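Just below is one structure, and these are the notes that go with it.
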Amino acid sequence: MQVTPLEIGFGAVIEGMDLRQVDSSTAALLRASLLEYGLLVIRGQSLTPQEQVAATNLFGQPEVFPVVRGQLSSWPEIFRVASQPADGHVEVGRYWHSDGSFRENPTPISFWYSVMQSEEGGDTLFTDLQQAYAELQPDIREEFDTLRTAHRNGVVHPLVLRHPKTGERALYLNMGLTAGVLGYSPEQSRAVMEAVDRHYSRPGASYRHHWLPGDVVVADNLHVAHKATPLPASARRILNRTTVRADGVIWHEAQQAA
């Protein structure tokens, strides 16, 4: 297994591995790499739904989802993101967000497997939330440190979230599901959200992933956010996504007693 950091400043490409055959030491290295880089890109995989769920278990216990049209009835752990309604959920996440931010305990890890891809369009953008916080102007950082945001379902999170394992601060905001900033007027909330949106999209801050069949991308949702880009109307694309429960995540190996 070879780990090569991406030039963007976060994320890494993982080469020389088959996610169907991962021993305990390789699994530990994968988890350590995700914790360090926030994003893992692993190309050339071939996973059945069962094998994807097993690979997700390397990072923790998967969440489960209601089975609806386009989903895999035998695999409620898999949330299908697709370009056609018959294949899965469409028009998903065309704004900066971290999966599962609407939960009281946010979803820590997402795992995507590329089943079918169009040659054009449908790239996914990723940005480093910890670096976004670090690059704020000092006066803005001081303001943001005190703010809390409310999702449309009433769930409240701090705008500046500390990573549960590393303690690193990250600028954490879901652009599509956030109702506003607590204590701020609608106009003030909108101004904060628009400022964060621009900051996430600042030049040089995004990694653009062009999907190929067999790609796996694993994201630490508390370290990076992502955003879907449009596809041509005629395109057919399917991503099988699994996510890890907050109460079942594995961030590191337990230390063995001496």
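Keep in mind it's a predicted model, so treat the numbers as computed, not measured. Along the sequence shown, the residues carry numbers beginning at 1.
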> Has the side chain of R141 got a donor or acceptor atom that lies under 3.5 Å from a matching backbone atom of A134?
Replying inline: yes

>> Main chain of P62, side chain of R245: is a donor-acceptor contact present, judged purely on distance under 3.5 Å?
In response: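 Pair absent, no side-chain N/O of R245 close to backbone of P62.
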
With rounding to the nearest 0.5 angstrom, report the [atom1] to [atom2] distance, [X] to [Y].
| X | Y | atom1 | atom2 | result |
| --- | --- | --- | --- | --- |
| D99 | S110 | CG | OG | 3.5 Å |
| R152 | L177 | CZ | CG | 6.0 Å |
| E168 | R162 | CD | CZ | 8.5 Å |
| L159 | L173 | CG | CG | 6.0 Å |
| L30 | I42 | CG | CD1 | 5.5 Å |
| R208 | I8 | CZ | CD1 | 12.0 Å |

Identify the heavy atoms of [X] and [Y] that sit nearest to each other, and give their distance.
| X | Y | answer |
| --- | --- | --- |
| M175 | D197 | CE-N, 3.3 Å |
| A228 | V92 | CB-O, 3.5 Å |
| P106 | A246 | O-CB, 3.5 Å |
| F102 | N153 | O-ND2, 2.9 Å |
| L239 | W112 | CD1-CD1, 4.3 Å |
| A12 | V3 | CB-CG1, 3.8 Å |

>> With side-chain contact (heavy atoms from CB on, under 4.5 Å) as the criterion, how do I109 and V218 come out once you've worked through the C-alpha distance, each side chain's angles and the decisive distance to 0.1 Å?
In response: CA-CA 7 Å; I109 295 173; V218 187; 3.8 Å; yes

> Would you call R237-D87 a salt bridge at under 4.0 Å N-O?
Replying inline: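 No, no charged N to carboxylate O under 4.0 Å.
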
>> Less than 4.5 Å apart, side chain to side chain, heavy atoms only: is that true for F59 and I250?
In response: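 Not in contact.
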
> Is any side-chain heavy atom of L125 closer than 4.5 Å to a side-chain heavy atom of T229?
Replying inline: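 Yes; the side chains approach each other to less than 4.5 Å.
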
Are more than 12 heavy atoms from other residues, nucleotides or ligands located less than 6.0 Å from atom [atom1] of [X]?
| X | atom1 | result |
| --- | --- | --- |
| E187 | CD | yes |
| R202 | CZ | yes |
| N105 | CG | no |
| E135 | CD | yes |

Does [X] have its ring centroid less than 6.0 Å away from the ring centroid of [Y]?
| X | Y | result |
| --- | --- | --- |
| F79 | F65 | yes |
| H97 | H226 | yes |
| W96 | H199 | no |

Can you tell me if [X] and [Y] form a side-chain donor-acceptor pair at under 3.5 Å?
| X | Y | result |
| --- | --- | --- |
| S33 | E36 | no |
| S101 | H151 | yes |
| E63 | T243 | yes |
| H163 | D220 | yes |

>> If the test is side-chain hydrogen bond (donor to acceptor under 3.5 Å, both in side chains), which one of T124, D215, D123 qualifies with H209?
In response: D215

> Is there a side chain to side chain donor-acceptor pair (under 3.5 Å) between Y133 and D145 once you walk through the steps?
Replying inline: CA-CA 10 Å; Y133 175 76; D145 281 340; 2.8 Å; yes

>> Checking E77 against Q52 for the side-chain contact (heavy atoms from CB on, under 4.5 Å) test, could you report, in this order, the C-alpha distance in whole Å, the side-chain angles of both residues, the deciding distance, and whether it holds?
In response: CA-CA 10 Å; E77 301 92 343; Q52 178 174 352; over 6 Å; no

>> Does L129 form a side-chain contact (heavy atoms from CB on, under 4.5 Å) with Y200? I'd like the steps, not just the answer.
In response: CA-CA 8 Å; L129 302 179; Y200 281 178; 3.4 Å; yes

> After noting the C-alpha distance and the side-chain angles of Y113 and V217, does the key distance pass the side-chain contact (heavy atoms from CB on, under 4.5 Å) rule?
Replying inline: CA-CA 7 Å; Y113 173 62; V217 173; over 6 Å; no

